[in-house]
Amino acid sequence: MTTQEHDASVYEQVQESSEFQDLKRRFRRWTFPMTVAFLVWYLLYVVLSGWARDFMGIKLFGEINVGLIFGLLQFVSTFLIAWAYSRHAEKQLDPIADKLRHEVEEKTQ
């Protein structure tokens with residue numbers, strides 16, 4: 001068996017392991033709903049900007065209107081999602097990924 005064949009079989013074993021499947025499940029369980037939620041939030045902003053101009057143009061204070069606030073909240077929500085994902089990854093994903101990485105490194109040396 002060549003080194004390349006040996007390495008491929010190690011990676012295939014890891015991919016089939018329950019720990020790797022758990023890692024993928026944890027990643028998807030957080031990422032997919034958050035992606036859908038953000039896209040819905042973004043599309044709401046786009047739709048309101050295009051078809052609810054009167055609502056988006058309501059002045060809240062001074063020259064600041066609802067549309068501007070919604071636009072700024074897009075940035076805020078992006079940073080909040082990135083922060084929340086980093087916390088999720090640190091607690092739920094990184095320990096499993098580190099363990100799997102160490103196992104692969106041991107098997108491929």
Side-chain angles (χ1 to χ4, degrees):
M1 182 180 289
T2 66
T3 305
Q4 189 175 21
E5 290 172 347
H6 174 72
D7 289 348
S9 66
V10 169
Y11 296 120
E12 289 168 353
Q13 290 172 3
V14 170
Q15 185 178 6
E16 293 170 357
S17 71
S18 62
E19 290 172 324
F20 185 77
Q21 298 303 318
D22 183 44
L23 179 63
K24 285 186 354 181
R25 182 180 46 77
R26 289 176 186 219
F27 173 78
R28 288 176 180 159
R29 189 174 35 176
W30 196 92
T31 306
F32 289 159
M34 191 59 66
T35 300
V36 169
F38 180 77
L39 287 175
V40 167
W41 162 237
Y42 176 72
L43 289 174
L44 174 68
Y45 172 66
V46 171
V47 167
L48 289 175
S49 295
W51 286 280
R53 290 181 176 266
D54 292 338
F55 170 72
M56 295 297 268
I58 295 173
K59 291 188 179 186
L60 300 174
F61 43 93
E63 294 298 316
I64 308 298
N65 61 23
V66 173
L68 182 60
I69 297 297
F70 270 41
L72 292 173
L73 287 174
Q74 291 293 316
F75 288 102
V76 172
S77 64
T78 299
F79 288 112
L80 286 175
I81 290 169
W83 173 77
Y85 176 76
S86 72
R87 289 188 50 144
H88 170 73
E90 183 180 350
K91 292 178 182 178
Q92 301 292 322
L93 305 177
D94 291 348
I96 299 170
D98 288 342
K99 183 174 184 272
L100 289 170
R101 180 175 45 86
H102 290 302
E103 289 176 10
V104 169
E105 287 174 351
E106 288 175 3
K107 291 178 181 178
T108 56
Q109 291 181 0

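Throughout, numbering of the chain's residues begins at 1 and tracks the sequence.
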(message) Running the 4.5 Å side-chain criterion over Ile, Leu, Val, Met, Phe, Trp and Tyr, what cluster does Leu39 land in, apart from itself?
(response) none

(request) Looking only at non-hydrogen atoms, find the nearest pair between Pro95 and Ala89 and report the distance. (result) CD-O, 4.2 Å

(request) Applying side chain to side chain contact (heavy atoms under 4.5 Å, CB included), run through Glu103 and Glu19 and close with a yes or a no. (result) CA-CA 11 Å; Glu103 289 176 10; Glu19 290 172 324; 3.6 Å; yes

Contacts table for residues 20-32: side-chain donor-acceptor under 3.5 angstrom, sequence neighbours left out:
from  : atom 1 : to    : atom 2 : distance (Å)
Gln21 : NE2    : Gln15 : O      : 2.6
Asp22 : OD1    : Arg25 : NH2    : 2.0
Asp22 : OD1    : Arg26 : NE     : 3.4
Asp22 : OD2    : Arg26 : NE     : 3.0
Asp22 : OD2    : Arg26 : NH2    : 3.4
Arg26 : NH1    : Gln92 : O      : 3.4
Arg26 : NH1    : Gln92 : OE1    : 2.9
Thr31 : OG1    : Phe27 : O      : 2.7

(message) Please enumerate all residues that pass side chain to side chain contact (heavy atoms under 4.5 Å, CB included) together with Leu48, with sequence neighbours excluded.
(response) Leu44, Ala52, Phe55, Met56, Phe70

(message) Going by the rule side-chain hydrogen bond (donor to acceptor under 3.5 Å, both in side chains), which residues pair with Asp54 if we only count those two or more places apart in sequence or in a different chain?
(response) none

(message) My understanding is that only residues two or more places apart in sequence, or in another chain, count here; which of them pass side chain to side chain contact (heavy atoms under 4.5 Å, CB included) with Glu105?
(response) Arg101, His102, Gln109

(message) Going by side-chain hydrogen bond (donor to acceptor under 3.5 Å, both in side chains), name the pairs with one or both residues in residues 55-65, residues two or more places apart or in two chains.
(response) Lys59-Glu63

(message) Measuring only between side-chain heavy atoms, which start at C-beta, is Met34 closer than 4.5 Å to His88?
(response) no

(request) List for me each residue that meets side chain to side chain contact (heavy atoms under 4.5 Å, CB included) alongside Tyr42, sequence neighbours excluded, and say none if there are none. (result) Phe38, Val46, Gln74

(message) I need the full list of salt bridge (charged side-chain N to carboxylate O under 4.0 Å, His left out) pairs touching residues 87-96, with sequence neighbours left out, sorted by first then second residue.
(response) none

(request) Kindly write out the residues that satisfy side-chain hydrogen bond (donor to acceptor under 3.5 Å, both in side chains) with Ser77, not counting sequence neighbours, or none if the list is empty. (result) Trp41

(message) Run the side chain to side chain contact (heavy atoms under 4.5 Å, CB included) test on Leu72 and Val76 for me, step by step, so that the C-alpha distance in whole Å, both residues' side-chain angles and the decisive distance to 0.1 Å come before the verdict.
(response) CA-CA 6 Å; Leu72 292 173; Val76 172; 5.5 Å; no

